[in-house]
K.L.:
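Before we start, here is the structure in question, set down as structure tokens.
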Amino acid sequence: MERNIYVGIARLEVHIEDARSLKEKRSATRPLVERIRNRHQVLIIEADHQDLHQRAGFVISALSTDPVDIESRLQRVEKTVHETWGGSVLAWDVEIIQV
């Protein structure tokens with residue numbers, strides 16, 4: 001019996017108001033990225049706005065055989081972001097794809 005596999009992809013965009021350099025941007029976003037990686041079974045990478053000081057775009061992905069598991073996991077990630085990120089969250093979009 002073959003089981004379906006689902007991929008959940010969340011796009012997160014944040015604003016880093018006080019960052020005046022890429023080094024300041026990294027030091028502001030690194031704790032958030034590490035917290036997400038350590039608390040949730042997901043992959044997170046910076047995928048957009050790498051050349052901007054005050055904006056960061058991340059892609060967060062999760063795999064499962066259960067789409068409800070993925071949705072729940074990504075909701076917990078979103079909750080972590082809103083509870084721990086001191087700056088503005090500009091966007092949060094989730095898509096779940098059956099592979």
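Small disclaimer: the values here were computed from a predicted structure and weren't measured. Below, each value reflects all heavy atoms present in this structure, side chains not excepted, and no hydrogens, waters or symmetry copies.
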K.L.:
Val68, Tyr6: one ILVMFWY side-chain cluster at the under-4.5 Å cut-off?
P.N.:
no

K.L.:
Please check: side-chain N/O of Glu78 versus main-chain N/O of Leu74, any donor-acceptor pairing under 3.5 Å?
P.N.:
no

K.L.:
Do Val89 and Val59 share a hydrophobic cluster, counting only Ile, Leu, Val, Met, Phe, Trp and Tyr and linking them when any side-chain heavy atoms are less than 4.5 Å apart?
P.N.:
no

K.L.:
For Thr80 and His40, does a side-chain donor sit closer than 3.5 Å to a side-chain acceptor?
P.N.:
yes

K.L.:
Return yes if some donor-acceptor pair links the side-chain N/O of Arg73 with the main-chain N/O of Gln41 below 3.5 Å, else return no.
P.N.:
yes

K.L.:
Can you tell which of Leu43, Ile44, Ile45 makes a side-chain contact (heavy atoms from CB on, under 4.5 Å) with Ile60?
P.N.:
Ile44

K.L.:
How about Trp85 and Val14: do any of their side-chain heavy atoms sit closer than 4.5 Å?
P.N.:
yes

K.L.:
Between Lys25 and Glu46, is the closest basic N to carboxylate O distance under 4.0 Å?
P.N.:
yes

K.L.:
Do Thr65 and Asn4 come within less than 4.5 Å of each other through their side chains, counting heavy atoms only?
P.N.:
no

K.L.:
Is there a donor-acceptor pair under 3.5 Å between the side chain of Ser21 and the backbone N or O of Glu24?
P.N.:
yes

K.L.:
Between Trp92 and Val77, is any pair of side-chain heavy atoms under 4.5 Å apart?
P.N.:
yes

K.L.:
Can you confirm whether more than 12 heavy atoms, excluding those of Glu17, are under 6.0 Å from its CD atom?
P.N.:
no

